[in-house]
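Atoms within a ligand are numbered from 1 in the order they appear, just like the ligands themselves. In what follows, every heavy atom counts, from backbone to side chain, and hydrogens, waters and symmetry copies are set aside. Keep in mind it's a predicted model, so treat the numbers as computed, not measured.
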Amino acid sequence: MSAAPISVATLATMKARGERITCLTCYDASFARLLEAAGVDVLLVGDSLGMVLQGHGSTVPVTLEHMAYHSACVARGRRRALLIADFPFLVGVTPERALVGAARLMQEGGAQVVKIEGGASVLETVRCLTTQGVPVCGHMGLMPQSVNLIGGYRFQGRDADSAETIRRDALAIAEAGASLLVLECVPAALAQEISRALTIPVIGIGAGAGCDGQVLVIYDILGLNPGQPPRFSRDFMKDSGSILEAVTGYVTAVREGSFPGPTETTY
Ligand code: KIV
């Protein structure tokens with residue numbers, strides 16, 4: 001792999017070559033430097049920061065201002081990795097709001113791609129953003145911003161109808177112009193089928209090893225969260241002597257296909 005900056009085109013080439021994409025959440029400049037040193041391809045300024053940094057019970061309280069601030073912190077630490085920043089709650093619901101949000105995350109926050117949760121309901125927004133030159137990453141399956149509607153962080157796509165909705169919406173999001181798609185907490189077979197059907201890279205979290213890449217929350221892989229970590233995650237710090245070694249262990253495991261393993265996968 002060359003040391004050239006990573007773009008959405010680089011990720012598409014990696015998919016075409018069968019090279020797995022590595023992504024971790026990142027919220028500040030120090031971690032941006034460390035994750036890059038470990039070879040992470042994509043830094044995601046996720047609105048999970050509302051839970052792991054701010055201590056909220058969900059991502060709903062996170063604002064555009066918070067996202068722009070943390071994105072700018074990460075942007076100052078990165079050189080090569082692609083920087084994706086999340087649209088917080090309700091910013092992507094209308095094209096007008098989304099354009100304002102994208103301008104803030106890209107101009108103030110230095111983000112190169114914006115991530116938006118939603119399926120059919122955000123197609124118009126995705127079309128509008130990509131028409132205006134904003135690269136978009138979709139996010140489907142478990143959509144944490146909808147936690148109050150779905151009543152918890154539940155696995156999605158288990159029955160035929162919801163699997164079909166995810167399948168159909170994934171194709172539509174790609175057709176609307178998205179450059180990437182995150183699939184969260186869906187059965188491995190469904191995620192693999194969607195990854196094969198789409199030409200854009202699919203990054204999984206709790207979606208099995210058949211995706212084009214993997215993303216996890218950095219605090220989870222460092223064993224920093226009290227209590228039980230999500231079943232689909234792995235504590236890479238447990239057998240490592242340093243944070244750099246733990247993150248490098250994650251990168252290696254994703255690239256060689258040993259993460260996620262069978263116990264970290266829902267079939
Ligand atoms: O907010 C976040 O960190 C995310 C990832 C877990 C995919 O959306």
Side-chain angles (χ1 to χ4, degrees), residues 11 21-28 31-32 35 40-64 66-71 73-74 81-92 101 105 109 111 113-119 122 136-147 150 152-157 166 170 173 178-186 191 194-195 200-208 211-222 224-225 229-234 236 247 250 254 259-260 264 266:
L11 301 184
I21 297 161
T22 57
C23 177
L24 282 171
T25 66
C26 186
Y27 315 108
D28 67 40
F31 268 95
L35 267 47
V40 175
D41 301 309
V42 181
L43 308 178
L44 170 63
V45 186
D47 61 357
S48 52
L49 67 84
M51 300 174 80
V52 297
L53 292 189
Q54 299 174 335
H56 293 296
S58 80
T59 59
V60 172
V62 178
T63 66
L64 195 52
H66 299 150
M67 292 308 302
Y69 172 80
H70 285 282
S71 186
C73 293
V74 172
L82 186 72
L83 198 171
I84 303 180
D86 263 349
F87 267 173
F89 188 59
L90 296 186
V91 167
L105 292 181
V113 178
V114 298
K115 179 161 81 57
I116 179 168
E117 291 184 16
V122 298
V136 173
C137 175
H139 181 151
M140 293 173 38
L142 173 59
M143 294 181 274
Q145 291 172 8
S146 301
V147 63
I150 55 183
Y153 297 98
R154 297 182 206 292
F155 219 79
Q156 303 293 308
I166 294 170
I173 287 274
S179 301
L180 299 165
L181 175 65
V182 166
L183 276 183
E184 179 164 356
C185 291
V186 299
I194 292 171
S195 303
I200 62 170
V202 175
I203 315 290
I205 172 165
C211 299
D212 305 304
Q214 300 292 328
V215 56
L216 285 176
V217 172
I218 181 72
Y219 282 38
D220 288 339
I221 78 160
L222 298 180
L224 279 172
N225 286 323
R231 198 175 72 77
F232 54 77
S233 190
R234 188 185 294 176
F236 283 87
V247 177
Y250 167 76
V254 171
F259 178 82
E264 294 143 344
T266 299

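Side-chain contact between F87 and Q145 is absent, with no heavy atoms from C-beta onward closer than 4.5 Å. Proximity of L11 to D212: side-chain heavy atoms (C-beta onward) are nowhere separated by under 4.5 Å.
Contacts with ligand 1 closer than 4.0 Å are made by side-chain heavy atoms of T25 only, the backbone lying farther away. When heavy-atom distances to ligand 1 are checked against a 4.0 Å cut-off, D86 comes that close only through its side chain, counted from C-beta outward. With a 4.0 Å heavy-atom cut-off, ligand 1 is reached by the side chain of L44 but not by its N, CA, C or O.
Using a non-hydrogen distance threshold of 4.0 Å, K115 registers as a contact of ligand 1.
For atom 6 (C) of ligand 1, the closest heavy atom belonging to the protein is I205 CD1, 3.6 Å. In terms of protein heavy-atom proximity, atom 3 (O) of ligand 1 is nearest to S48 OG, 2.5 Å.
Exactly one of L222, I221, D220, L44 qualifies for a side-chain contact (heavy atoms from CB on, under 4.5 Å) with L24. That residue is I221.
Those atoms of ligand 1 that come under 4.0 Å of a heavy atom in G46, given as number and element, are 1 (O), 2 (C), 3 (O).
For E184, no nitrogen or oxygen atom sits less than 3.5 Å from a nitrogen or oxygen atom of ligand 1, counting backbone and side chain alike.
Using a distance-only test at 3.5 Å, with no hydrogens or angles considered, a donor-acceptor pair links the side chain of H70 to the main chain of Y27. Between the side chain of T59 and the main chain of S48, no donor-acceptor pair closer than 3.5 Å is present.
Within a 6.0 Å radius of CZ in F155, more than 12 heavy atoms belonging to other residues, nucleotides or ligands are found.
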